[in-house]
Protein chains: 2
Amino acid sequence: MADAAGPRQDEPIPDATVARLPIYLRGLVELSDDGVSTVSSVVLASLAGVNAANVRKDMSYLHAHGTRGVGYEVDHLIGEISLALGGGVRSPVVIVGVGNLGRALSRYDGFVAGGFPVAGLVDADPAVVGRKVAGNIVRSVEDLADLVAETGCTVGIVATPAAAAQVAVDSLVASGVSSILNFAPTVVTVPDRVDLRQVDLATELQILGYHQHHRAVAGRSDRATG
Amino acid sequence: MADAAGPRQDEPIPDATVARLPIYLRGLVELSDDGVSTVSSVVLASLAGVNAANVRKDMSYLHAHGTRGVGYEVDHLIGEISLALGGGVRSPVVIVGVGNLGRALSRYDGFVAGGFPVAGLVDADPAVVGRKVAGNIVRSVEDLADLVAETGCTVGIVATPAAAAQVAVDSLVASGVSSILNFAPTVVTVPDRVDLRQVDLATELQILGYHQHHRAVAGRSDRATG
DNA sequence: GATGCCATGTGAAATGGTGCACAAGCGCCT
DNA sequence: AGGCGCTTGTGCACCATTTCACATGGCATC
């Protein structure tokens, strides 16, 4: 009986798998909306752009078993993945930094749809504090701890300039937030108990730039040697 | 003498290394601004948040040798990394989709600073076409090929809703763009010759959600078993 | 000029992830 | 009831990446 509820989530799921779960989930929800009730690993793989064996292995980590000869039950998979990805709990987020990016993020539908409603916005600039953005009044960064406490936020999004990012992160950590998504183009540090992910827009372009440049150089070299 | 210019870029740099180069570059530029002329792998590693041996191996892929007992020359490293990341060539980008996110991206300083000036914006919505956003007149998505040809864009950014993303990507590919950064929350496909990177904001939060949930479950289980 | 210190550069082991290939199992059709 | 075709679940080998550990070699000091 302790068995029934307990050991499901105990074994950790590999990071690479976790990163794919939201992709699977999107594809599955789409299938469900289309009235599809069953899906094979091959189909789900093509929807997610990965290998079919990879899908099967990922599902085995979730203990989301399918039926041999048939496939996986779509709704069941949706349930299992949702459960793994936070148990369907809606985690409100607070956005620090209401510049261009912060405003865009506060209006981004995908957050709400994904179970992460924006509970509040804060900024350090007094000129911005008090203004209403996407239905939220911007509050002072000094109210951050209060805001987090009031709304029960556990996730913080940092959309400040690079120079302010570490301070923003520290404030979030001090306020009790345990997960942080950092959009500022700088390396920030957090205590071990806090989970940090970095999204770096300029970096992504630079990586693309490398491949472009490298293709060009390789092409030239091909012509030279071939 | 053919040796001097040629074979530097021939051996491919591992993807994991390429992904770190922009991070190193940021740290190095900061050091250079502070008047620091020499840096050890240990210091650079702490700036980038990685292991020092990793830094040294990464630099060896670039043939950016340091001096034993001393470290690496900051300006030299900046030059080598910039060279690897596209040779200092400025690649203008075109943004498809001028919604909340597209507008924010078009105003994002980091792109210009990183050598990726926004050369144009396009949208499918006639209500948006013709409006001026961040100094650019929004043009129709039908003009995309012309715009790419005029400006010599090689990079496209997709900031459309999910439903329009594949069409946007196809248009970019048809227009001759060879690198695409997709912000739409959906899996898109491109020909092999085109390089695609996916940035998925909601997915990032869901990954954070997994870890948060998992920590909570592990904590409960700790109390139960310990 | 020799010696000691220090940081690089790299071989090799450990780690983590991917994909193949195949056995096992389920349902359908005869 | 039996056989067949389809799909899951997984052992295994391969590959990329990380990390350790140490030999190598330059610089400064004496």
Side-chain angles (χ1 to χ4, degrees), chain A residues 8 11-24 27-28 31 36-78 80-81 84 187 198 207 210-211 214, chain B residues 8 11-24 27-28 31 36-77 80-81 84 187 197-198 207 210-211 214:
Chain A
R8 300 288 293 280
E11 314 129 22
I13 300 174
D15 286 348
T17 295
V18 172
R20 281 188 294 267
L21 293 183
I23 318 290
Y24 295 146
L28 289 165
L31 286 175
V36 177
S37 64
T38 274
V39 65
S40 73
S41 63
V42 174
V43 170
L44 185 51
S46 81
L47 251 59
V50 300
N51 182 286
N54 212 331
V55 170
R56 294 198 292 275
K57 194 153 288 188
D58 286 345
M59 294 308 148
S60 80
Y61 291 124
L62 297 181
H63 309 289
H65 293 276
T67 312
R68 293 174 187 226
V70 178
Y72 298 89
E73 214 179 320
V74 171
D75 290 338
H76 180 246
L77 275 198
I78 291 176
E80 288 292 335
I81 296 179
V187 175
Q198 181 81 23
I207 295 171
Y210 164 79
H211 290 292
H214 188 72
Chain B
R8 302 286 291 281
E11 313 129 22
I13 301 173
D15 286 349
T17 296
V18 172
R20 280 186 295 269
L21 293 183
I23 317 289
Y24 295 145
L28 289 165
L31 287 176
V36 178
S37 64
T38 273
V39 65
S40 72
S41 63
V42 174
V43 170
L44 187 50
S46 82
L47 250 58
V50 300
N51 183 289
N54 211 333
V55 170
R56 294 198 292 274
K57 193 149 286 191
D58 286 345
M59 294 308 148
S60 79
Y61 290 125
L62 297 183
H63 309 287
H65 294 275
T67 312
R68 293 176 187 225
V70 178
Y72 300 89
E73 213 180 319
V74 171
D75 291 336
H76 180 245
L77 275 197
E80 289 291 333
I81 295 179
V187 175
R197 289 186 71 84
Q198 181 80 25
I207 295 171
Y210 164 79
H211 290 292
H214 188 73

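Throughout, protein chains are lettered first and strands after them, A, B, ... in sequence-line order, and every chain is numbered starting at 1. Worth saying up front: this structure is predicted, and the values here are computed from it rather than measured.
Contact of B:Lys57 with C:dG9 (side chain to base): no donor-acceptor pair of N or O atoms is detected under 3.5 Å.
Atoms CE and NZ, on B:Met59 and B:Lys57 in that order, are 13.5 Å from each other to the nearest 0.5 Å. The CD1 atom of B:Ile81 sits 10.5 Å away from the NE2 atom of B:His76 when rounded to the nearest 0.5 Å. With rounding to the nearest 0.5 Å, the separation of OH in B:Tyr210 from CD1 in A:Ile13 is 4.0 Å.
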Candidate pair B:Thr38 and B:Thr67, rule side chain to side chain contact (heavy atoms under 4.5 Å, CB included), full reasoning: CA-CA 10 Å; B:Thr38 273; B:Thr67 312; over 6 Å; no
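Taking atom CG of residue B:Leu62 and atom P of nucleotide C:dT8, one finds them 15 Å apart after rounding to whole Å. Between A:Asn54 atom CG and C:dG16 atom P the separation is 17 Å, expressed in whole Å. Rounded to an integer number of Å, the gap from CE of B:Met59 to P of C:dT8 is 10 Å.
If you walk DNA chain D from 5' to 3' and mark each nucleotide with an atom closer than 4.0 Å to a heavy atom of chain A, the marks span D:dC6 to D:dC12.
Residues satisfying the side-chain contact (heavy atoms from CB on, under 4.5 Å) criterion with A:Leu47, sequence neighbours excluded, are A:Leu31, A:Val43. Shown here are the side chain to side chain donor-acceptor pair (under 3.5 Å) partners of B:Glu73, two or more places apart in sequence or in another chain: there are none. Residues that satisfy the salt bridge (charged side-chain N to carboxylate O under 4.0 Å, His left out) test with B:Arg68, not counting sequence neighbours, are absent from this structure. In this view, A:Thr17 and A:Asp58 satisfy the side chain to side chain donor-acceptor pair (under 3.5 Å) rule, not counting sequence neighbours. Taking A:Ser41 as the reference, A:Ala52, A:Val55, A:Arg56, A:Tyr72 meet the side-chain contact (heavy atoms from CB on, under 4.5 Å) condition, with sequence neighbours excluded. Residues satisfying the side chain to side chain donor-acceptor pair (under 3.5 Å) test with A:Asp15, not counting sequence neighbours, are none.
Mapped onto DNA chain C by nearest heavy atom, A:Thr17 and A:Arg56 fall at different nucleotides, with A:Thr17 at the one closer to the 5' end.
Taking side-chain N and O atoms only, B:Tyr72 has a distance below 4.0 Å to OP1 or OP2 of C:dG9. Residue B:His65 places at least one side-chain N or O closer than 4.0 Å to OP1 or OP2 of C:dG9. Remark: A:Asn51 is in phosphate contact with C:dC20, judged by side-chain N or O atoms under 4.0 Å from OP1 or OP2.
Applying a 4.0 Å cut-off to non-hydrogen atoms, the residues of residues 40-50 of chain A that approach DNA chain D are A:Ser40, A:Ser41, listed by residue number.
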Per-nucleotide protein contact string for nucleotides 24-30 of chain C (B base, S sugar-phosphate only, - none; heavy atom under 4.0 Å): BBBS---
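Taking both residues in full, the closest heavy atoms of A:Ala19 and A:Pro22 are given as O-CD, 3.6 Å, listed atom of the first, atom of the second, then distance.
Here A:Ala53 lies in heavy-atom contact (under 4.0 Å) with a base.
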